[in-house]
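This report refers to the structure that appears directly beneath it.
Ligands are counted one by one from 1 in listed order, and the atoms in each one are counted from 1 as well.
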Amino acid sequence: MKSPLPMQNLCGPEKQKIGKDVLVKLLRWHFGHSEFRGKQLEAIEAVLSGRDCFCLMPTGGGKSMCYQIPALAKTGIVLVVSPLIALMENQVMALKKQGIAAEYLYSTQSAPVKNKIHEDLERGKPSIRLLYVTPELFATSGFMSKLKKIHSRGLLNLIAIDEAHCISSWGHDFRPSYRKLSSLRNQLPGTPVLALTATAVPKVQKDVIESLSLHNPLVLTSSFNRPNIYYEVRYKDLMDDPYADVRNLLKSCGDVCAIVYCLERTACDDLASHLSKNGVACAAYHAGLNSKLRSSVLDEWVSAKIQVVVATVAFGMGIDRKDVRIVCHFNIPKSMESFYQESGRAGRDQLPSKSFLYYGVDDRRRMEFILRTAGNKKSNSSSSQDVTSKKSLVDFGQMVEYCEESGCRRKKILESFGEQVSGTLCAKTCDSCKHPNLVAKYLEELKTACAFRHRSTSSRIYISSSTVLTEDGQLSEFWNRDDEASGSEEDISDADDIVDVAKSIRSSSLSQSRLNDKFELLQRAEESYYRNKVPEKQVNKIDKNVISESLRESGKQRLTNAVKQNQQRFNDLHIDHEASVVMLENECYKKYGKSGKSFYLSQLASNVRWISTANSEELLSKLKSSTPACNATSNKSDCYSTSEPALDGLSIETNDEKRPHGLEPETPVGVLQSVSDDTKLPPIPSFSDFINSRKPNDSQASKSRKQSPNGSKRNLEKRMKYK
Ligand SMILES: Nc1ncnc2c1ncn2[C@@H]1O[C@H](COP(=O)(O)OP(=O)(O)OP(=O)(O)O)[C@@H](O)[C@H]1O
Ligand SMILES: [Mg+2]
């Protein structure tokens with residue numbers, strides 16, 4: 001471990017101004033960088049002199065240094081508020097490696113770890129120089145009173161708010177918990193506050209300064225230009241196989257570090273599995289994976305054991321690998337801000353890197369649908385619905401222009417943040433400046449292709465994926481039949497703000513008639529599948545449809561979420577959550593594993609619906625756990641009679657450890673046992689059955705429709721009408 005630079009020899013008494021040479025020495029000694037970058041030095045000098053500072057620097061610009069150097073320049077503590085535990089963990093680990101005493105605290109951390117940190121902070125001269133905390137912890141009275149003590153002892157040197165744009169609801173990453181930071185100025189007077197962000201929108205900047213009550217702050221802004229990133233758009237509608245294009249692109253760049261962003265979790269799994277099968281070693285990362293798997297992917301990627309990650313935006317803020325050479329968006333992002341942040345993860349080492357955006361007209365429509373619906377969900381009054389929805393659609397419009405219009409891409413990015421850009425700035429570092437004729441040709445072809453598609457495929461079933469309310473207010477999920485992608489709230493909003501998302505879903509205003517239309521479409525698709533069975537020719541297509549282990553994992557996660565939403569009922573009925581999830585997922589897989597992903601996902605959605613709609617008896621009779629029956633056999637897999645190899649990924653043997661103790665031995669029919677027993681349990685309805693059961697007056701008619709030729713005819717007429 002490197003010994004700390006002996007400060008007393010460098011800067012003398014505490015109050016004395018710390019000179020530039022001292023700060024540069026600290027930078028070199030501790031971090032090995034020769035000089036400060038951009039506005040780092042100005043920010044550091046401001047906060048060391050006790051002044052508030054708002055620091056706007058591009059992604060990868062080196063914002064962390066602006067609070068890390070002050071922490072080393074004075075005895076005492078720098079408090080850093082950071083939005084993500086993973087982000088704190090990474091930074092603290094890196095600092096410790098450099099021999100700098102840093103720790104992090106969050107509310108659900110184990111008591112011994114917390115106590116050790118608190119003990120250090122209570123010492124006359126704490127050894128900790130940087131303390132990272134979550135905004136949630138900051139807002140607790142217990143932590144605040146401890147902090148006030150440190151403050152009253154004159155040891156709190158600086159409060160740094162990293163990713164400060166999270167405080168603004170105008171920003172793309174709003175975290176309600178950041179709002180609670182607005183009281184810190186009153187609670188801890190006299191301590192300078194440093195707000196750091198890479199978010200460029202002026203409205204957000206103003207909001208951050210006001211919300212944190214920064215007093216006469218030094219406002220430091222830098223250009224958002226990332227000269228080392230080459231920008232290019234690729235047009236999916238002009239490609240035979242966009243997957244192959246991504247694959248070839250990655251292969252042609254060699255074994256470089258890359259992030260491929262997809263809108264939806266299932267798309268991540270799908271693309272990752274395609275790439276892996278075709279010689280590009282990679283891993284999927286999204287919020288649907290369990291946290292263990294996610295952190296292992298992250299660890300492997302950070303330590304360069306994996307070079308390529310296919311991820312949703314859950315792979316986001318604070319991801320710090322300097323040598324990302326390619327960021328590829330397989331679907332259009334929701335705004336220029338998001339695009340800038342995500343593509344900005346490339347080339348943090350300032351070396352040449354590339355951003356590729358795969359643009360497709362279907363993706364555009366889907367995003368428009370999602371934003372419109374999300375806008376409606378997020379607001380209660382109809383006027384604010386309009387405003388939210390319009391704002392996000394306007395933001396998204398900039399992204400569409402980026403893709404659909406000719407002209408310098410770099411200029412479009414920078415101008416969207418209000419920067420004036422000279423014509424020569426780009427210097428052929430985007431496709432439009434480098435190959436203007438080619439891009440113009442693509443855009444022309446795109447227009448033609450879209451016009452043609454509009455005429456010839458207006459009958460195509462286009463169902464955008466989203467989570468919406470059924471008529472009785474329960475959660476229901478739709479699956480996109482076109483690309484088998486599932487809607488995922490997390491993918492388009494705050495990944496860790498489940499409560500907010502749930503609230504927003506509850507206030508969804510999707511009309512009943514549109515819902516019914518969608519039900520009809522899904523139901524018909526399922527019926528038609530069984531009528532036509534899969535022809536031989538489509539064998540290849542079905543291969544693509546294979547249900548991967550990671551898809552099954554994410555299926556289990558969906559069911560787990562549904563169980564969590566009904567946790568109270570499960571607890572009241574003493575139903576084992578985990579075993580139920582395993583059993584239901586296994587049932588989906590057994591039933592639809594061979595029919596392909598589409599129906600597997602559909603059946604999972606049915607299960608999710610069933611979990612929230614089934615009454616107590618139904619839940620009990622299907623899921624009541626008999627843990628003791630299974631415990632009686634030492635090996636959990638003995639409880640399964642199935643010999644399916646795909647069960648490997650379900651880690652059944654771990655369920656015993658996790659199962660709550662105290663279940664009575666006479667508990668009836670076991671979840672796991674139920675799969676192997678002949679005991680007849682109520683089936684989970686298929687999509688059609690579910691819909692029909694919800695239409696009591698119509699169910700008979702629906703059945704006869706399925707059977708009689710007249711029924712089919714009526715069905716066809718109805719379909720024509722819909723189209
Ligand atoms: N003065 C410097 N000279 C060279 N490299 C630097 C300097 N300051 C910071 N860096 C390096 O730049 C990289 C990015 O730094 P940092 O993570 O602080 O950026 P950031 O502005 O916080 O980015 P983001 O917005 O993505 O969080 C780090 O790897 C860091 O070591
Ligand atoms: Mg940062």
Side-chain angles (χ1 to χ4, degrees), residues 20 23-45 53-73 78 80-98 100 102 104 130 132 160-166 171-173 175 178 194-201 204-205 208 220-229 257 259 261 302-304 313 315-325 327 337-351 353 355 417:
K20 181 186 166 189
L23 298 172
V24 172
K25 270 185 191 162
L26 284 170
L27 178 76
R28 291 178 186 163
W29 179 263
H30 287 282
F31 301 98
H33 303 315
S34 55
E35 292 300 329
F36 284 110
R37 239 194 225 161
K39 307 256 166 94
Q40 282 176 333
L41 184 62
E42 283 170 74
I44 293 165
E45 286 180 334
C53 179
F54 175 84
C55 183
L56 187 72
M57 270 188 202
T59 48
K63 290 183 283 296
S64 323
M65 211 53 78
C66 302
Y67 51 80
Q68 287 169 348
I69 292 288
L72 298 164
V78 167
V80 185
V81 181
S82 173
L84 298 176
I85 295 170
L87 181 54
M88 303 195 299
E89 218 171 38
N90 283 350
Q91 289 213 5
V92 168
M93 247 166 51
L95 288 167
K96 282 185 170 172
K97 264 193 204 158
Q98 310 281 356
I100 299 166
Y104 62 99
L130 282 133
Y132 287 74
I161 315 290
D162 206 1
E163 312 287 356
H165 58 277
C166 294
H172 65 286
D173 251 326
R175 295 281 191 284
Y178 259 69
L194 169 64
L196 305 128
T197 178
T199 293
V201 180
V204 177
Q205 296 165 19
V208 170
L220 297 171
T221 56
S222 327
S223 167
F224 287 90
N225 188 25
R226 294 289 311 271
N228 62 321
I229 302 181
C257 179
I259 308 173
Y261 280 109
V302 169
S303 58
V313 293
F315 195 70
M317 254 190 299
I319 296 294
D320 186 15
R321 222 183 121 172
K322 292 183 207 171
D323 61 337
V324 179
R325 295 278 75 90
V327 172
E337 254 185 296
S338 309
F339 175 65
Y340 177 75
Q341 290 276 343
E342 286 147 22
S343 60
R345 289 181 187 125
R348 286 157 67 90
D349 53 7
Q350 318 300 314
L351 295 175
S353 307
S355 152
F417 298 141

Query raised in the report: Quick check: does Gly60 get an N/O under 3.5 Å from an N/O on ligand 1?
Result: yes
Requested in this report: Report yes if Gly61 has an N/O atom closer than 3.5 Å to an N/O atom of ligand 1; otherwise report no.
Outcome: yes
Query raised in the report: Can you tell if the side chain of Gln40 reaches within under 4.5 Å of the side chain of His33, non-hydrogen atoms only?
Result: no
**Report entry** Atom indices of ligand 1, in the order listed, that fall short of 4.0 Å to a heavy atom of Glu35
**Finding:** 1 (N), 2 (C), 3 (N)
Requested in this report: Please work out whether any backbone atom (N, CA, C, O) or any side-chain heavy atom from C-beta onward of Lys322 is under 4.0 Å from ligand 1, and answer side chain, backbone, both or neither.
Outcome: side chain
Requested in this report: Could you go through the side chain to side chain contact (heavy atoms under 4.5 Å, CB included) check for Arg226 and Tyr340 one step at a time?
Outcome: CA-CA 10 Å; Arg226 294 289 311 271; Tyr340 177 75; 4.0 Å; yes
Report task. Flag Met65 as yes when one of its N or O atoms lies below 3.5 Å from any N or O atom of ligand 1, and as no otherwise. Result -> no
Requested in this report: List the steps, then state whether side chain to side chain contact (heavy atoms under 4.5 Å, CB included) holds for Glu45 with Leu23.
Outcome: CA-CA 9 Å; Glu45 286 180 334; Leu23 298 172; 4.0 Å; yes
Query raised in the report: Given that the side chain starts at C-beta and the backbone is N, CA, C, O, which of these parts of Lys63 lies under 4.0 Å from ligand 1, counting heavy atoms, or is it both or neither?
Result: both
Query raised in the report: In ligand 1, which numbered atoms sit nearer than 4.0 Å to a non-hydrogen atom of Glu163?
Result: 27 (O)
Query raised in the report: Between Ser34 and ligand 1, which part of the residue brings a heavy atom under 4.0 Å of the ligand: side chain, backbone, both or neither?
Result: neither
Report summary line: Among Ser64, Gly38, Ala94, closest by heavy atom to atom 16 (P) of ligand 1 is Ser64
Report summary line: All heavy atoms of Phe54 vs all of Val208, minimum pair found to be CE1-CG1, 3.7 Å
Report summary line: Checking heavy atoms under 4.0 Å, the part of Met57 that sits near ligand 1 is neither
**Report entry** Donor-acceptor contact below 3.5 Å, side chain Lys63 vs main chain Pro58
**Finding:** yes
**Report entry** Proximal ligand 1 atoms for Pro58, defined as those under 4.0 Å from one of its heavy atoms
**Finding:** 21 (O)
Requested in this report: Kindly give the heavy-atom pair with the smallest separation between Leu130 and Val80, and that separation in Å.
Outcome: CD2-CG2, 3.9 Å
Report summary line: ligand 1 atoms nearer than 4.0 angstrom to some heavy atom of Arg348 are 14 (C), 16 (P), 17 (O), 19 (O), 23 (O), 24 (P), 26 (O)
Query raised in the report: Closest heavy-atom contact between Ser353 and Gly347?
Result: OG-CA, 3.1 Å
Report summary line: If we number the atoms of ligand 1 from 1 as shown, the ones under 4.0 Å from a heavy atom of Thr59 are 23 (O), 25 (O)
Query raised in the report: Is Arg325 salt-bridged to Asp323, going by a charged N under 4.0 Å from an acidic O?
Result: no
Report task. Mind running side chain to side chain contact (heavy atoms under 4.5 Å, CB included) on Gln68 and His30 for me, showing each step along the way? Result -> CA-CA 10 Å; Gln68 287 169 348; His30 287 282; over 6 Å; no
